Amino acid sequence: MIFRNISRLTSKRCISYIQGQSPEPKIREYFYFIDHHGQLFLDDARMKNFTSCFKEKDFLVFFFKRLRMNTTTRYKEDFPYLSLCGRERNFVRCDDQPIVYTHIIPSNNDSENDQLSYGGAGPAMTVEFEPEKICMLPNTGRVYYPAIEKLGGIGLIKSSLAIDLSKHFEFGNDEHNPPTQFNWKNQKYTLTNELVKRWILNNHK
């Protein structure tokens with residue numbers, strides 16, 4: 001890997017790092033970025049597209065299973081998430097949310113729920129899909145679904161999947177408010193919209 005010193009302006013501050021830097025003995029630090037499609041990149045990658053993202057599923061599972069909030073004093077404001085992999089500190093920022101659900105894995109059993117896959121690892125990383133918990137924010141049109149609490153509890157649904165799912169939404173009398181119903185597999189669900197309250201709370205801290 002070629003190590004390059006990176007300086008960039010973030011939140012009106014210039015931050016600097018070197019991929020693979022060692023701030024203390026036997027410790028290495030790397031810096032990553034997750035886009036709104038759920039793709040993982042080195043933060044300093046000049047081109048961020050499907051050809052340059054990480055695709056090795058074992059690595060992705062290892063990386064995302066260890067992802068948590070960055071509670072250290074290092075790069076906390078610019079890289080709010082951290083994945084600890086042995087002696088490596090992997091600092092992570094994202095376009096929207098660190099957990100991005102990319103597709104639905106249908107259940108083969110009518111008594112079991114479908115699964116939402118995230119992190120680009122297919123069936124290796126999934127959560128149960130409970131239709132009543134899906135949520136759209138009218139001001140952005142983006143669709144969200146609950147994620148693990150240690151990462152803030154909110155996961156983004158990839159835009160292409162969100163477009164397909166949005167066809168199943170029903171709005172009340174005011175389309176400026178979140179959808180109230182969701183039709184899924186011949187059943188109508190009343191949406192809890194619990195993520196709307198969480199989103200408002202998170203953005204007013």
Side-chain angles (χ1 to χ4, degrees), residues 10-12 32-41 43 48-50 53 60 64 67-71 76-83 91-106 113-122 125-205:
T10 302
S11 302
K12 298 183 180 180
Y32 291 84
F33 173 73
I34 301 171
D35 72 2
H36 63 279
H37 299 296
Q39 298 175 126
L40 178 68
F41 305 88
D43 184 64
K48 291 182 171 67
N49 51 42
F50 182 74
C53 72
L60 292 170
F64 277 95
L67 194 60
R68 66 184 195 186
M69 302 298 294
N70 181 5
T71 57
K76 182 177 180 179
E77 293 186 48
D78 299 291
F79 292 86
Y81 307 98
L82 177 67
S83 179
F91 296 96
V92 184
R93 66 184 184 94
C94 56
D95 182 39
D96 190 320
Q97 300 296 318
I99 298 299
V100 180
Y101 299 108
T102 57
H103 61 280
I104 291 179
I105 300 176
N113 283 0
D114 300 328
Q115 301 288 310
L116 274 173
S117 175
Y118 67 94
M125 288 195 294
T126 63
V127 299
E128 183 178 2
F129 180 47
E130 299 177 74
E132 69 275 11
K133 294 183 179 181
I134 197 169
C135 173
M136 175 192 285
L137 294 185
N139 59 324
T140 64
R142 288 194 169 183
V143 180
Y144 297 87
Y145 187 80
I148 53 179
E149 287 296 327
K150 70 177 182 178
L151 291 173
I154 302 176
L156 174 70
I157 291 184
K158 182 181 176 181
S159 57
S160 57
L161 178 58
I163 290 172
D164 291 336
L165 293 176
S166 65
K167 301 172 186 176
H168 303 280
F169 283 124
E170 288 187 14
F171 291 81
N173 295 326
D174 186 357
E175 292 193 359
H176 296 290
N177 288 321
T180 57
Q181 308 284 331
F182 185 74
N183 298 300
W184 187 249
K185 292 189 172 181
N186 300 316
Q187 184 172 345
K188 180 178 288 190
Y189 295 87
T190 298
L191 298 175
T192 65
N193 283 324
E194 60 191 68
L195 293 187
V196 175
K197 299 175 183 178
R198 181 184 286 264
W199 185 273
I200 293 173
L201 179 64
N202 289 351
N203 285 276
H204 285 81
K205 288 182 179 180

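Here the structure is a predicted model, which means the values were calculated and not measured.
- In terms of heavy atoms, Pro146 sits closest to Glu194 at CG-OE2, 4.2 Å.
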Item to check | CA sep, side-chain torsions, deciding dist, call: Phe91, Leu82, side-chain contact (heavy atoms from CB on, under 4.5 Å) | outcome: CA-CA 5 Å; Phe91 296 96; Leu82 177 67; 3.8 Å; yes
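- Summarising the geometry of Gly119 relative to Met125, their closest heavy-atom pair is CA-CE, 3.8 Å, with the distance given to 0.1 Å.
- Side-chain contact between Leu156 and Tyr144 is present, with heavy atoms from C-beta onward closer than 4.5 Å.
- The line from OG1 of Thr180 to CG of Asn193 is 8.0 Å long, rounded to the nearest 0.5 Å.
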Item to check | Test log, rule side-chain contact (heavy atoms from CB on, under 4.5 Å), inputs Phe79 and Val92 | outcome: CA-CA 5 Å; Phe79 292 86; Val92 184; 5.5 Å; no
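- Lys188 pairs with exactly one of Gln181, Glu170, His168 by the side chain to side chain donor-acceptor pair (under 3.5 Å) rule, that one being Glu170.
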Next on the checklist: Would Ile134 and Leu191 count as a side-chain contact (heavy atoms from CB on, under 4.5 Å) here? Give the steps.
Outcome noted: CA-CA 7 Å; Ile134 197 169; Leu191 298 175; 3.7 Å; yes
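- To the nearest 0.5 Å, atoms CG (Asn70) and OG (Ser83) are separated by 11.5 Å.
- Residue Gln115 comes nearest to Glu128 through the heavy atom pair OE1-N, 3.6 Å, listed as atom of the first residue, atom of the second, then distance.
- Lys48 places no side-chain N or O within 3.5 Å of a backbone atom of Ile34 that could act as its donor or acceptor partner.
- The distance from atom CD1 of Ile157 to atom CG of Asp96, rounded to the nearest 0.5 Å, is 11.5 Å.
- Tyr101 and Ala147 make their closest contact through OH-CA, 3.4 Å (heavy atoms, listed as atom of the first residue, atom of the second, distance).
- In this structure, the separation between CG on Asn183 and CZ on Phe169 is 10.5 Å, given to the nearest 0.5 Å.
- In this pair, Phe129 and Tyr145 present their aromatic rings tilted. The plane angle is within the 30 to 60° band.
- For residues 148-160, the salt bridge (charged side-chain N to carboxylate O under 4.0 Å, His left out) pairs, not counting sequence neighbours, are Glu149-Arg198.
- Applying the side-chain hydrogen bond (donor to acceptor under 3.5 Å, both in side chains) rule to Lys185 yields the partners Asp114; only residues at least two apart in sequence or on another chain are considered.
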Checklist entry - Can Val100 and His37 be said to form a side-chain contact (heavy atoms from CB on, under 4.5 Å), step by step? => result CA-CA 7 Å; Val100 180; His37 299 296; 5.8 Å; no
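- Note: Leu165 CG to Leu116 CG = 7.5 Å, rounded to the nearest 0.5 Å.
- The NZ atom of Lys76 sits 8.0 Å away from the CE atom of Met69 when rounded to the nearest 0.5 Å.
- The two residues Pro178 and Met136 have their closest heavy-atom pair at CB-O, 3.6 Å.
- Residues Ile104 and Pro106 share a closest heavy-atom pair of O-CD, 3.4 Å.
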